[in-house]
Amino acid sequence: MTFERKRAIIIISATLVIGIIIGVLATGMLARHHYRGDRSKSGKEFRGRQGFAAKIYGITKADSAQINNMKPVIQLTMTHIDSLQKQTDRMVKVEIDSMIIHLQPFLTAEQLNSLNEFSRNMSGHSEHLKRHR
C-alpha cells in the first residue's frame, strides 16, 4: 500500500469519526433544548401565582400604574383557576375510581393492585407533568 493511499484512508476515517461525533453532540444538544427548554423563560420565575402575573405583565409590557390596576384582576383570576383545577382533579379521581371498579372482574389481583397503585399516584404524576411543560 502506498503512502498516498494510507493517507487517504486515514483522512476519510478521521472525517467519518469527526462527523459521527458532531452528529451525536448536535443531537444531544437539540434534545436537551427540546426537553428542558430555555431556562431563563421556563424556570421557576414563571411558576405559580407570581409567575403567572409576571408573564401577563411581561406580555402586556405594563407600566407600574397599570400593574397596580391589573393585580386584583389577576389575583381573582388565579383564585378561580385554582378552584377549577381542584374541582377537575376531584372529578378525574372519581372517574378513575369508577373505571377501576368496572375493570375489576377482568383483572387479576396483581393487575388490580397495579391499577390501584397508579390511581394513588395520580396526584404525583400530575405534578411530574407540570414540571415538564
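The first residue in the sequence is number 1, and the count goes up from there.
With Ser98 contributing its side chain and Val94 its backbone, the two residues share no donor-acceptor pair below 3.5 Å. With hydrogens and angles ignored, the 3.5 Å screen pairs no side-chain donor or acceptor of Ser119 with any backbone N or O of Leu115. Side-chain N or O atoms of Ser83 include none that pairs as donor or acceptor with a backbone N or O of Thr79 at under 3.5 Å.
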Would you mind writing out the side-chain donor-acceptor pairs for residues 62-73 within the sub-3.5 Å range, not counting sequence neighbours?
unit_1 : atom_1 : unit_2 : atom_2 : d
Asp63  : OD1    : Ala65  : N      : 3.2
Asp63  : OD1    : Gln66  : N      : 2.8
Gln66  : OE1    : Asp63  : N      : 2.9
Asn68  : ND2    : Ser64  : O      : 3.4
Asn69  : ND2    : Ala65  : O      : 3.4

Side-chain atoms of residues 17-30: list all donor-acceptor pairs with protein atoms under 3.5 Å, sequence neighbours left out, distances to 0.1 Å.
unit_1 : atom_1 : unit_2 : atom_2 : d
Thr27  : OG1    : Gly23  : O      : 2.8

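Side chains of Asn121 and Glu117: a donor-acceptor N/O pair is present below 3.5 angstrom, by distance only.
To the nearest 0.5 Å, atom CG of residue Asn116 and atom CD of residue Gln104 are 7.5 Å apart. Atoms CG and CE, from Leu103 and Met99 in turn, are 5.5 Å apart once rounded to the nearest 0.5 Å. Remark: Phe118 CZ to Ile96 CD1 distance equals 5.0 Å, nearest 0.5 Å. Put simply, CD on Gln50 and CD1 on Ile74 are 11.0 Å apart, with the number rounded to the nearest 0.5 Å.
What you find for Phe52 and Met78 is that their closest heavy atoms are CD2-SD, 3.2 Å.
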Kindly determine whether Ile11 and Thr15 satisfy side-chain contact (heavy atoms from CB on, under 4.5 Å), including the steps that lead there.
CA-CA 6 Å; Ile11 290 174; Thr15 304; 4.2 Å; yes

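Hydrophobic clustering (ILVMFWY, side-chain heavy atoms < 4.5 Å, transitive): Leu112 and Phe106 are in one cluster.
At least one side-chain heavy atom of Ile9 sits under 4.5 Å from a side-chain heavy atom of Met1.
For residues 96-106, the salt bridge (charged side-chain N to carboxylate O under 4.0 Å, His left out) pairs, not counting sequence neighbours, are Lys93-Asp97.
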